[in-house]
Amino acid sequence: MAANRREFLKGAGLLAAAACGGGASAASVPETGAADYATDVLVVGGGPAGVCAAIAAARNGARVLVVEQSGMLGGMATQGLVGPFMTCYDKVGKTMIIRGLFEEVVERLVARGGALHPRGVFGNGPYSAWIPKGHDHVTPFDPEALKVLLDEMCAEAGVKVLFHTTFVEPVLDGRRAAGARLFGKGGFRRVAAKVVVDATGDGDYAYRAGVPCTLGDGNGRLMPATMFFHICNIDSDRLIADIEANRHTFHKKDGVSYRGFHWYVTKAIAAGEWDLPRRCLNMYRGVGPDVWLVNNGRIPGVDATDSESLSRAEVEGRRQTKVMMDFLHKYVPGCEHAVLMSTGSTVGIRETRHVAGEATLRVEDVLNGVVPADSILLAANSVDVHGGKDNPMVSSYRTINANWYGVSYRCLVAKGVENLLLAGRCLSGEPAAAGAVRVMPPCMAMGQAAGTAAALALRGGVTPRALDASKLVATLRAQKAFLG
């Protein structure tokens, strides 16, 4: 018990340091004695990026362990109820360019009635919240169906999954990632690994291993958080008819969007029934005929690397949900008898740490369609930054000037620590550039690339940093990734 208590205090001190925004020190020498788990590839975090990293690494011959602090895979897609999957097509909407594991997930969901294929979903309609730019070919999906599918895909690939297990700190051998210390229902455990993939979203492993990180824009500003929620028992025909009758009034003024139901929000504000930092209500139609997803709350000033800040955000997110439900019941046609199905079990986070890598995704390159030779994915997702000018209502939305852009493999290779790869929104990128690829389809493609790279590096007896990127690109192409 005393040893466990010392370990807890040590871990707690490290977690407190991690909330402060600078690099944290970690164990520089592996612990003695046998590890509780030994694996080739350790994936920290089972969200969209992490689960794809795990499946890809296992399919390419590696032993894989993924640790997830919740009781399900899918992260923001399942826990956070974030949906739909944003566009996976090129800028002009003709070619599906994020494919590979993402496409497999979509097709398997469609086959069991758990998603609509993006080829038949178009912008400026109910499935895209009537948003035309950047919302062509989104993918509505059922998070319950996704939970089951991801369990199945990990089992098929031979991935070992540890739920209800929290990453505490990295185990390093000098400047080499050698595993991690974990905490679960059985107490503290240690895993020995040859390669680690940080898919925490917040860059927790990299940060605690001492890799340089930037929090938000580097000046203390982060994009606001959102509590997603799902509703049902909607008369969808009446709701859609009301939007269509008023769609000609959609506009943007001083960076603030006035879209769905802004004509009712104005009335609610005048009546003292709306105190939210939005002037409209964004609703996306779901897979079921009476199911809608609400992505509308804005919670500014949330630092999701700090538990106190995150706790306040969860409470505020649920409060905002009640305000919107009351609004829907009173003002919106077809929603008089709306039922709240669920709020996210975690608040949706757009931004925390940007981890330094061997290359940095630059916003100029995103906007101008630069495709590096070692690109591991192509995307056309717009630069979407919320909360500009310290106003949570303001957003900066810039579509790209080309048909797509690429993300270099070196953006996934952590700087200064060997055998550590990044996957998901913590990739090495300028804040605005990360604002383009933080959405789930690119994150899943990054996960597939990171997991594949880990397995190839182990097979070739090299570090991920020394891996011949051309071999990675060729393998990804063979496994149905679209790389031009």
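With Ser375 contributing its side chain and Val371 its backbone, the two residues share no donor-acceptor pair below 3.5 Å. Judged by distance alone, the side chain of Thr343 and the main-chain N or O of Arg318 form no donor-acceptor pair under 3.5 Å. Although no hydrogens or angles enter the test, the distance criterion places no donor-acceptor pair under 3.5 Å between the side chain of Thr78 and the main chain of Pro143. In this structure a side-chain-to-backbone donor-acceptor pair under 3.5 Å is present from Thr200 to Asp204. Checking side-chain atoms of Tyr37 against main-chain N and O of Arg189 turns up no donor-acceptor pair under 3.5 Å. Formation of a donor-acceptor pair under 3.5 Å by the Thr39 side chain with backbone atoms of Leu42 is not found in this model. Not one N or O on the side chain of His117 forms a donor-acceptor pair closer than 3.5 Å with the backbone of Glu107. No donor-acceptor distance shorter than 3.5 angstrom exists from the side chain of Asn295 to the backbone of Phe228, with no hydrogens or angles considered. Judged purely by atom type and a 3.5 angstrom limit, Tyr409 has no side-chain atom pairing as donor or acceptor with the backbone of Ala449. Not a single donor-acceptor pair under 3.5 Å links the side chain of Asp90 to the backbone N or O of Asn403.
Counting only residues at least two apart or on different chains, the side-chain hydrogen bond (donor to acceptor under 3.5 Å, both in side chains) pairs with a member in residues 50-59 are Arg59-Glu104. Among pairs with a residue in residues 366-376, those fulfilling salt bridge (Lys or Arg N to Asp or Glu O under 4.0 Å) read Asp374-Arg410, at least two apart in sequence or across chains.
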If you apply the rule salt bridge (charged side-chain N to carboxylate O under 4.0 Å, His left out), what do you find for Arg190 with Glu169, and how did you get there?
CA-CA 10 Å; Arg190 184 167 62 89; Glu169 63 181 1; over 6 Å; no
Decide side chain to side chain contact (heavy atoms under 4.5 Å, CB included) for Leu149 and Asp151; before the verdict, give the C-alpha distance in whole Å, the side-chain angles of both, and the deciding distance to 0.1 Å.
CA-CA 5 Å; Leu149 175 62; Asp151 287 340; over 6 Å; no
Side chain to side chain contact (heavy atoms under 4.5 Å, CB included) for Leu472 and Leu467? Distances and angles first, verdict last.
CA-CA 8 Å; Leu472 172 60; Leu467 178 66; 4.2 Å; yes
Could you walk me through whether Met223 and Val385 satisfy the side chain to side chain contact (heavy atoms under 4.5 Å, CB included) test, starting with their C-alpha distance in whole Å, then the side-chain angles of each, then the deciding distance to 0.1 Å, before giving a yes or no?
CA-CA 7 Å; Met223 284 193 270; Val385 179; 4.1 Å; yes
Test side chain to side chain contact (heavy atoms under 4.5 Å, CB included) on Leu420 and Val195; report intermediate values, then the result.
CA-CA 6 Å; Leu420 175 59; Val195 177; over 6 Å; no
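Of the inter-residue distances, the one linking Cys443 atom SG with Met86 atom CE reads 12.5 Å to the nearest 0.5 angstrom. Taken to the nearest 0.5 Å, the OG1 atom of Thr321 stands 6.0 Å off from the CE atom of Met227. From Ile97, atom CD1 reaches atom CG of Leu483 across 10.0 Å, with rounding to the nearest 0.5 Å. Interatomic distance, Asn296 CG to Tyr284 OH, rounded to the nearest 0.5 Å: 9.5 Å. Atoms SG and CZ, on Cys88 and Arg99 in that order, are 10.0 Å from each other to the nearest 0.5 Å. Taken from CG in Asn381 to CE in Met440, the straight-line distance is 11.0 Å, to the nearest 0.5 Å.
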Report all side-chain donor-acceptor pairs from residues 423-439 shorter than 3.5 Å, counting only partners two or more places apart or in another chain.
residue, atom, partner, partner atom, Å
Arg425, NH1, Gly201, O, 3.1
Arg425, NH1, Asp202, OD1, 3.4
Arg425, NH1, Thr352, OG1, 3.0
Arg425, NH2, Asp202, OD1, 3.0
Ser428, OG, Val355, O, 3.4
Ser428, OG, Gly357, N, 3.0
Ser428, OG, Ala359, O, 2.7
Ser428, OG, Thr360, OG1, 3.4
Glu430, OE1, Val363, N, 3.0
Arg438, NE, Gly435, O, 3.4
Arg438, NH2, Asp384, O, 3.1
Arg438, NH2, Asp384, OD2, 3.4

Can you list, pair by pair, the side-chain donor-acceptor contacts under 3.5 Å of residues 450-460, counting residues two or more places apart and other chains?
residue, atom, partner, partner atom, Å
Thr452, OG1, Gln448, O, 2.7
Arg459, NH2, Asn60, O, 2.7

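Two residues are said to be in side-chain contact when any heavy atoms from C-beta on lie closer than 4.5 Å; Val168 and Leu182 fail this criterion. With contacts defined as side-chain heavy-atom distances shorter than 4.5 Å, the pair Leu150/Met72 does not qualify.
Not counting sequence neighbours, the partners of Trp404 by the ring pair (Phe, Tyr, Trp, His ring centres under 6.0 Å) test are Phe482. Judged as a side-chain hydrogen bond (donor to acceptor under 3.5 Å, both in side chains), and not counting sequence neighbours, the contacts of Asn401 are Asn368. Not counting sequence neighbours, Arg398 has no partner by the salt bridge (charged side-chain N to carboxylate O under 4.0 Å, His left out) test. With sequence neighbours left out, the ring pair (Phe, Tyr, Trp, His ring centres under 6.0 Å) criterion links Phe122 to His137. In this structure, the side-chain hydrogen bond (donor to acceptor under 3.5 Å, both in side chains) partners of Glu358, at least two apart in sequence or on a different chain, are Arg465. For the salt bridge (charged side-chain N to carboxylate O under 4.0 Å, His left out) test, residues two or more places apart in sequence or in another chain that qualify with Glu156 are Arg108. Not counting sequence neighbours, the partners of Phe102 by the ring pair (Phe, Tyr, Trp, His ring centres under 6.0 Å) test are Phe85. Applying the ring pair (Phe, Tyr, Trp, His ring centres under 6.0 Å) criterion to His354, with sequence neighbours excluded, gives no partner residue.
Contact check on Arg221 versus Glu351 returns no salt bridge, with no Lys/Arg side-chain nitrogen under 4.0 Å from an Asp/Glu carboxylate oxygen. Salt bridge status for Asp40 with Lys194: present, with a side-chain N to carboxylate O gap under 4.0 Å.
Under a cut-off of 6.0 angstrom, the local environment of NZ in Lys94 is sparse, with at most 12 non-hydrogen atoms contributed by other residues, nucleotides or ligands. Within a 6.0 Å sphere centred on CZ of Arg119, other residues, nucleotides and ligands contribute 12 heavy atoms or fewer. Atom NZ of Lys471 has 12 or fewer heavy atoms from other residues, nucleotides or ligands within 6.0 Å.
Under the 3.5 Å distance criterion, with hydrogens and angles disregarded, no donor-acceptor pair is assigned to the side chains of Gln69 and Gln79. For the 3.5 Å distance criterion, the side chains of Thr226 and Arg350 qualify, holding a donor opposite an acceptor.
When all heavy atoms are compared, the tightest approach of Asp198 to Ala206 is OD2-N, 2.8 Å. Heavy-atom minimum distance, Ile55 versus Cys154: CG1-SG, 4.0 Å. Contact detail for Gly50 and Ala199: the closest heavy-atom pair is CA-CB, 3.4 Å. Between Ser309 and Asp303, the shortest heavy-atom contact is OG-N, 2.9 Å. Closest approach of Asn419 and Ala177 over heavy atoms only: O-CB, 3.7 Å.
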